[in-house]
Amino acid sequence: MRRVEIEFVSEQQYHDDRDSSKLKAMGTLQEIDGVKVISYTEPDEEMGKCETVVKIINDHFIEMSRSGVYEASFLIEEGKTHSCLYKTPFGEMNMDIVATRVNAQIPDCSGKILLCYRIESSSELIGENNLLMKINEV
């Protein structure tokens, strides 16, 4: 298990509203049965105490699980739609994750993950997201 620093660069858009942010978190990177697994505590204070685990299934398929104040298990696979249940302090919501681009390049203990996806609920667009995770061993 290696300690890593993760830099998050994210952009969200809902119709004409755009928002972007940059955050950093410390976490771990390990390989389990050929799958790279990144674990960290969410750096965004709005998320409260949430633990996130990112499993890189392959270069174009990511599984992201969140537990704590917010809970969900997202499958983000390029060119596919996956459904999930998102639990928040305000209630639960069924969502579809429509991934347009997934590119995970972590050849050793450093690299990056790019996720471009839409979130929909009841066939209605909730938002479009781009997330770049830069991972560096410390």
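In this text the structure is predicted, and so the values were computed from the model without any measurement.
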> Tabulate below the donor-acceptor pairs under 3.5 Å that side-chain atoms of residues 87-104 make, not counting sequence neighbours, or state none.
unit_1 : atom_1 : unit_2 : atom_2 : d
Thr88  : OG1    : Phe90  : N      : 3.0
Thr88  : OG1    : Gly91  : N      : 3.2
Thr88  : OG1    : Gly91  : O      : 2.9
Asp96  : OD1    : Ser83  : OG     : 2.5
Thr100 : OG1    : Cys116 : O      : 3.1
Asn103 : OD1    : Gln105 : NE2    : 2.9

> Closest heavy-atom contact between Cys84 and Ser73?
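Cys84 and Ser73 have their closest heavy atoms at CB-O, 3.3 Å.
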
> Taking the six-membered ring for Trp and the full ring for Phe, Tyr or His, determine whether the centres of Tyr117 and Phe74 are under 6.0 Å apart.
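No, they do not, as the ring centres are separated by 6.0 Å or more.
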
> By salt bridge (Lys or Arg N to Asp or Glu O under 4.0 Å), which residues pair with Arg118, not counting sequence neighbours?
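Testing Arg118 for salt bridge (Lys or Arg N to Asp or Glu O under 4.0 Å), a comparison that skips the adjacent residues, returns Glu120.
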
> For a quick test of your reading: what N or O donor-acceptor pairs under 3.5 Å do the side chains of residues 24-31 make, sequence neighbours left out?
none

> So which pairs with a foot in residues 122-138 pass side chain to side chain donor-acceptor pair (under 3.5 Å), sequence neighbours left out?
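Every side chain to side chain donor-acceptor pair (under 3.5 Å) pair that includes a residue of residues 122-138, provided the two are not neighbours, is Arg2-Glu137.
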
> Output yes when Arg66 and Glu42 qualify as a salt bridge under the 4.0 Å nitrogen-oxygen rule, no when they do not.
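Yes.
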
> Using the rule that two of Ile, Leu, Val, Met, Phe, Trp, Tyr join whenever any of their side-chain heavy atoms come within less than 4.5 Å, decide whether Leu85 and Ile126 are in one cluster.
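The answer is no; the residues belong to distinct hydrophobic clusters.
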
> What orientation do Tyr40 and Phe8 show, parallel under 30°, tilted 30 to 60°, or perpendicular over 60°?
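Judged by the thresholds at 30° and 60°, the geometry between Tyr40 and Phe8 is tilted.
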
> Stepwise, does the side-chain contact (heavy atoms from CB on, under 4.5 Å) test hold for Ile106 with Ile56?
CA-CA 9 Å; Ile106 303 179; Ile56 302 165; 3.3 Å; yes

> May I have the step-by-step check of side-chain hydrogen bond (donor to acceptor under 3.5 Å, both in side chains) for Ser20 and Glu11, ending in yes or no?
CA-CA 4 Å; Ser20 63; Glu11 296 178 351; 6.0 Å; no

> Kindly give the cluster partners of Leu114, where membership spreads through any ILVMFWY side chain lying under 4.5 Å from a current member.
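The other cluster members (ILVMFWY side chains, heavy atoms under 4.5 Å, direct or chained) are Val9, Leu132.
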
> I'd like to check the salt bridge (Lys or Arg N to Asp or Glu O under 4.0 Å) partners of Glu77; sequence neighbours left out, ordered by chain and number.
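Counting only residues at least two positions away or on another chain, Glu77 forms a salt bridge (Lys or Arg N to Asp or Glu O under 4.0 Å) with Lys80.
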
